[in-house]
Amino acid sequence: MLVVLLVSLLCCVPAAQTCLQCDRSIRLLYEDFVLSAPTVDDQIEIKKICDYAYVTYRETSQERKGVIDPTTLYRVRTEYQSEFHRFLKTQHSGSVTFEAIQILEKGRKILEKHLDVFIHDGLCPNKCGLLKRRVMDCSSCRYRRYVCPSPSGQQSCGEYPVQAEEGGQAVLNCFLPWHRLLLEKTEYRYSWAPGVPGTKKLNESDFKALVVTDDSSVVLNQLHVDEQGTYRCSLQGRNGTVFYRVTFLLTVAPVPDPTLRPVVTLPSPPHGDNYSTFHPADLLVPLIAMVTALSLAAIIGLTVVLGMMMIQRRASEETRRSRAERKNTQNAV
């Protein structure tokens, strides 16, 4: 009863719309929870507890920048709804108001856990450059712009060496995940200053416009040595605001000339009667003569065989003709 009395005294603080209350499903969940109380007095007490819970949610948010993004709010809501439904399905034997305080305090702890992660890692993920993003104000439940300045105070995000060979390819990509969070319409502007990188201090006038694109990457094909230089990528808004800049130091190594193979000279054989120089051409004439002789022999043999076959065929025809004439003569007699 002392806890309930303390909560009732604190309920004079006006209820404020906070991160969890910004979600309509949570508001309806609390309304159903109030109406489910067994008596009117319990409903009044639970209503006061819910109103104060919103105050604690707001204070928890204000201690952590007072803003939240839709993704984090969704995580808080789904986890808390799961806990709340589990609470409603559990049989309770204690005080209704005390149990209400416990489950609403559970919501504050869940909100606190997710906000700690969001503020530390998710609110301003830009380790360099300028970020202007859209977040929800946990006091007004309205979206507003939140500015995350560059930790270094500059839009430059460093220099990166890129090496390639002549005739090869180089890919320059200046995308970072936090670029997706930018509110304004942005475009990537590539420019370059020719020359060996690092040989002289460059001024703004040294850079020539290369390409303006919505894509974060540029592919350089069939590179030549004279294309090496200092390439710069700037992420800019349509009004000219620079949010991010990175520099690529491209060096192109020339392809070395093909090395001529040395001509190998075989040593001359020793002079004397026991040694003779072998020339493959010496065997060519005998080989041609042998092939010619074999071809002629094959042709002659084939001719003889064909002639014998024709003689046999004529003899056979003569024999058949004689038999036929003899038979005709006998039939006539």
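Numbers here are sequence positions counted from 1.
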Test item: [X] and [Y] side chains (from C-beta on) under 4.5 Å apart, heavy atoms:
{"X": "Val34", "Y": "Cys50", "value": "yes"}
{"X": "Thr230", "Y": "Phe207", "value": "yes"}
{"X": "Leu172", "Y": "Ser217", "value": "no"}
{"X": "Val67", "Y": "Met136", "value": "no"}
{"X": "Leu182", "Y": "Leu131", "value": "yes"}
{"X": "Glu166", "Y": "Gln222", "value": "no"}
{"X": "Cys128", "Y": "Tyr244", "value": "yes"}
{"X": "Leu220", "Y": "Val218", "value": "yes"}

I need the minimum non-hydrogen distance between [X] and [Y], along with the two atoms involved.
{"X": "Tyr188", "Y": "Cys233", "result": "CD2-SG, 3.8 Å"}
{"X": "Tyr143", "Y": "Arg134", "result": "CD1-NH2, 3.3 Å"}
{"X": "Ser61", "Y": "Leu111", "result": "OG-CD2, 3.8 Å"}
{"X": "Arg86", "Y": "Thr90", "result": "O-OG1, 2.8 Å"}
{"X": "Phe248", "Y": "Asn173", "result": "CZ-O, 3.6 Å"}
{"X": "Glu83", "Y": "Ile103", "result": "O-CD1, 4.0 Å"}

Q. With sequence neighbours excluded, what pairs up with Arg133 under the side chain to side chain donor-acceptor pair (under 3.5 Å) test?
A. none
**Q.** Sequence-distant partners of Gln43, side chain to side chain donor-acceptor pair (under 3.5 Å), two or more places apart
**A.** none
Q) When you check the gap from the basic side-chain N to the acidic O, do Glu204 and Arg232 get nearer than 4.0 Å? A) yes
Q. Hey, are Arg108 and Glu112 close enough for a salt bridge, meaning a charged N less than 4.0 Å from a carboxylate O?
A. yes
Spell out, as yes or no, whether a donor-acceptor pair under 3.5 Å connects the side chain of [X] to the backbone of [Y].
{"X": "Asn221", "Y": "Gly168", "result": "no"}
{"X": "Glu99", "Y": "Val96", "result": "no"}
{"X": "Ser234", "Y": "Gln236", "result": "no"}
{"X": "Thr303", "Y": "Ile299", "result": "yes"}
{"X": "Thr56", "Y": "Ala53", "result": "yes"}
{"X": "Glu159", "Y": "Thr247", "result": "no"}
{"X": "Thr241", "Y": "Gly237", "result": "no"}
{"X": "Tyr160", "Y": "Val246", "result": "no"}

In Å, rounded to the nearest 0.5 Å, how long is the span from [atom1] of [X] to [atom2] of [Y]?
{"X": "Trp178", "Y": "Cys124", "atom1": "CH2", "atom2": "SG", "answer": "10.5 Å"}
{"X": "Ile101", "Y": "Ile46", "atom1": "CD1", "atom2": "CD1", "answer": "10.0 Å"}
{"X": "His114", "Y": "Arg64", "atom1": "NE2", "atom2": "CZ", "answer": "12.5 Å"}
{"X": "Thr60", "Y": "Leu115", "atom1": "OG1", "atom2": "CG", "answer": "8.0 Å"}
{"X": "Thr72", "Y": "Asp121", "atom1": "OG1", "atom2": "CG", "answer": "10.5 Å"}
{"X": "Asp69", "Y": "Leu123", "atom1": "CG", "atom2": "CG", "answer": "8.5 Å"}

Q: Using the test ring pair (Phe, Tyr, Trp, His ring centres under 6.0 Å), find all partners of Phe175 that sit at least two apart in sequence or belong to another chain.
A: His179
Q) With sequence neighbours excluded, what pairs up with Tyr30 under the ring pair (Phe, Tyr, Trp, His ring centres under 6.0 Å) test? A) Tyr54, Phe84
Test of understanding: clusters of I, L, V, M, F, W, Y form through side-chain heavy atoms closer than 4.5 Å, transitively. Do [X] and [Y] belong to the same one?
{"X": "Leu223", "Y": "Leu249", "answer": "no"}
{"X": "Leu202", "Y": "Tyr190", "answer": "no"}
{"X": "Val135", "Y": "Val147", "answer": "no"}
{"X": "Leu250", "Y": "Leu210", "answer": "yes"}
{"X": "Tyr57", "Y": "Ile26", "answer": "yes"}

Q: Give every residue pair that meets the salt bridge (Lys or Arg N to Asp or Glu O under 4.0 Å) criterion with at least one member in residues 189-198, sequence neighbours excluded.
A: Glu187-Arg189
**Q.** Where at least one partner belongs to residues 287-303, residue pairs that pass salt bridge (Lys or Arg N to Asp or Glu O under 4.0 Å), sequence neighbours excluded
**A.** none
**Q.** Stepwise side-chain hydrogen bond (donor to acceptor under 3.5 Å, both in side chains) check, Ser25 with Gln81
**A.** CA-CA 9 Å; Ser25 60; Gln81 282 179 324; 3.3 Å; yes
Q) Out of Arg142, Arg144, Lys65, which one pairs with Asp137 under the side-chain hydrogen bond (donor to acceptor under 3.5 Å, both in side chains) rule? A) Arg144
Q: May I have the step-by-step check of side chain to side chain contact (heavy atoms under 4.5 Å, CB included) for Lys47 and Ile49, ending in yes or no?
A: CA-CA 5 Å; Lys47 179 63 169 62; Ile49 294 171; over 6 Å; no
Q.
Looking at Glu184, I want to see if its CD is surrounded by more than 12 non-hydrogen atoms of other residues, nucleotides or ligands under 6.0 Å.
A. yes
Q. Is the number of heavy atoms from other residues, nucleotides or ligands within 6.0 Å of CD (Gln169) greater than 12?
A. yes
Q) Does the pair Leu88 and Phe33 meet the rule for a side chain to side chain contact (heavy atoms under 4.5 Å, CB included), with working shown? A) CA-CA 9 Å; Leu88 294 177; Phe33 180 51; 3.9 Å; yes
Q) Should Ser139 and Gln62 be marked as a side chain to side chain contact (heavy atoms under 4.5 Å, CB included) after you check the CA-CA gap, both sets of side-chain angles, and the distance that decides it? A) CA-CA 8 Å; Ser139 296; Gln62 291 297 333; 2.6 Å; yes
Q | side chain to side chain contact (heavy atoms under 4.5 Å, CB included) between Arg245 and Val242, intermediate numbers included | A | CA-CA 7 Å; Arg245 179 177 292 163; Val242 178; 4.0 Å; yes
